[in-house]
Amino acid sequence: MKIAFIGAGSMAEALISGIITQKLVSGNNIWVTNKCNQEKLYELQHSYGVNISYDIKDILSHVNIVCLAMKPKDVGEAIQSIQAYLRQDMLIVSVLAGVSITSIEEMVGTNLAIVRAMPNTSATIGKSASALAMNSNVNNLQSQAVKGMFETVGLATIVKEEDLDAVTGLSGSGPAYIYYLVEAMEKSAVEMGLEKEVAKKFIIQTLMGAAEMLERSPKESAQLRKEVTSPGGTTEAGLKVLEAHAVQEAFVECIKAATEQSRKLGEIFANNMKV
Ligand SMILES: NC(=O)C1=CN([C@@H]2O[C@H](COP(=O)(O)OP(=O)(O)OC[C@H]3O[C@@H](n4cnc5c(N)ncnc54)[C@H](OP(=O)(O)O)[C@@H]3O)[C@@H](O)[C@H]2O)C=CC1
Ligand SMILES: O=C(O)[C@@H]1CCC=N1
């Protein structure tokens, strides 16, 4: 497997780091390019031993998987730059939020195998939750290869393309919601006089413990919450404040808004392509 990353930002680095750490392929089988941030390419070369270049023709001559990892607004220009060097045996993997397989097919202009994936940045440490949807040109070998690639960076599940907006709102953006919560926990800990580093250890262990309880226990999340909450106790006092601020409803709205934005991005994108 030889992979080119077109785009070298947070998501590309998370995948590169995961793939190399899990030893799916070594750095010399990965080629990376970006728009103009040469410094970032040197950093990636130094950290992961990947090949870096702005010579698209040369990059694509080495690979059988091309991973599109730029922002949706940049994909038109990026595809234009690679189009002439795409081959029929190549598999295109897009991690772009919102952009449909049909839009990519139209931009690429040939009958290529295309996978639309939604991983998250926890791929860096092999803990991504990735969803994959494929067009009918993806053969069994390619499907297994790409599933294997995403499995090296965490959990990978094949879904219907129509589910990808919801997956994006839930687990693509999901790490940010957790970090947002942790920011609040850190802030409150410091305000209550705990040392930041000590508080961080407690927060991390609390998150990992709760995540593992959710995974291992047969009980529903609401039941696990109830078991922490003694009548008249501390948790009840804390949760009352969350309820007064409708925090659970806010989280529901948050995930729905992110899902809707994924859908909208795809729609805007498809409409722009028509004009
Ligand atoms: N970050 C996340 O948590 C997740 C992101 N995604 C998706 O991944 C994609 C990338 O996101 P993210 O990594 O956060 O974005 P970043 O802004 O971190 O990186 C974008 C990269 O694209 C490069 N780029 C822009 N235009 C071109 C071009 N014409 N040719 C080649 N490279 C180009 C940029 O290069 P330069 O720096 O030189 O401008 C940069 O390396 C998005 O589409 C997003 O929806 C999916 C799941 C999770
Ligand atoms: O915020 C974004 O658009 C990307 C997609 C999922 C996570 N980050």
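One-based numbering, in listed order, for ligands and for the atoms of each. Nothing here was measured: the structure is a model prediction, and the numbers come from that model.
The salt bridge (charged side-chain N to carboxylate O under 4.0 Å, His left out) test applied to Lys219 returns Glu227, not counting sequence neighbours.
For residues 140-158, the pairs satisfying salt bridge (Lys or Arg N to Asp or Glu O under 4.0 Å) are Lys147-Glu151, with sequence neighbours left out.
Counting only heavy atoms from C-beta outward, the side chains of Val66 and Val93 never approach each other to under 4.5 Å.
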Criterion side chain to side chain donor-acceptor pair (under 3.5 Å) on Asp55 and Ser53, from CA distance to verdict: CA-CA 5 Å; Asp55 183 345; Ser53 172; 5.3 Å; no
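Summarising the geometry, atom CZ belonging to Arg116 is positioned 7.0 Å from atom CD1 belonging to Ile101; distances are rounded to the nearest 0.5 Å.
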Determine all donor-acceptor pairs shorter than 3.5 Å in which one atom belongs to a side chain in residues 8-15; sequence neighbours excluded.
residue: Glu13; atom: OE1; partner: Lys40; partner atom: NZ; Å: 2.6
residue: Glu13; atom: OE2; partner: Tyr48; partner atom: OH; Å: 2.8

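With respect to atom 3 (O) of ligand 2, the closest heavy atom belonging to the protein is Ala97 CB, 4.2 Å. The protein non-hydrogen atom at the shortest distance from atom 1 (O) of ligand 2 is Ser173 OG, 4.6 Å. The nearest heavy-atom contact from the protein to atom 7 (C) of ligand 2 is Gly172 O, 3.4 Å.
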Enumerate the pairs of nitrogen or oxygen atoms, one from ligand 1 and one from the protein, separated by less than 3.5 angstrom; state names and distance to 0.1 Å.
residue: ligand 1; atom: 13 (O); partner: Ser10; partner atom: N; Å: 3.1
residue: ligand 1; atom: 13 (O); partner: Met11; partner atom: N; Å: 2.8
residue: ligand 1; atom: 14 (O); partner: Lys71; partner atom: NZ; Å: 3.3
residue: ligand 1; atom: 15 (O); partner: Lys71; partner atom: NZ; Å: 3.4
residue: ligand 1; atom: 18 (O); partner: Ser10; partner atom: N; Å: 3.1
residue: ligand 1; atom: 18 (O); partner: Ser10; partner atom: OG; Å: 3.4
residue: ligand 1; atom: 32 (N); partner: Lys35; partner atom: N; Å: 3.4
residue: ligand 1; atom: 35 (O); partner: Lys35; partner atom: N; Å: 3.1
residue: ligand 1; atom: 38 (O); partner: Lys35; partner atom: N; Å: 3.1
residue: ligand 1; atom: 38 (O); partner: Cys36; partner atom: N; Å: 2.7
residue: ligand 1; atom: 38 (O); partner: Asn37; partner atom: N; Å: 2.8
residue: ligand 1; atom: 41 (O); partner: Ala8; partner atom: N; Å: 2.7
residue: ligand 1; atom: 41 (O); partner: Gly9; partner atom: N; Å: 3.3
residue: ligand 1; atom: 43 (O); partner: Met70; partner atom: O; Å: 2.7
residue: ligand 1; atom: 45 (O); partner: Ala97; partner atom: N; Å: 2.9

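Among the candidates Ile3, Val138, Ile114, the single residue satisfying the side-chain contact (heavy atoms from CB on, under 4.5 Å) test with Leu91 is Val138.
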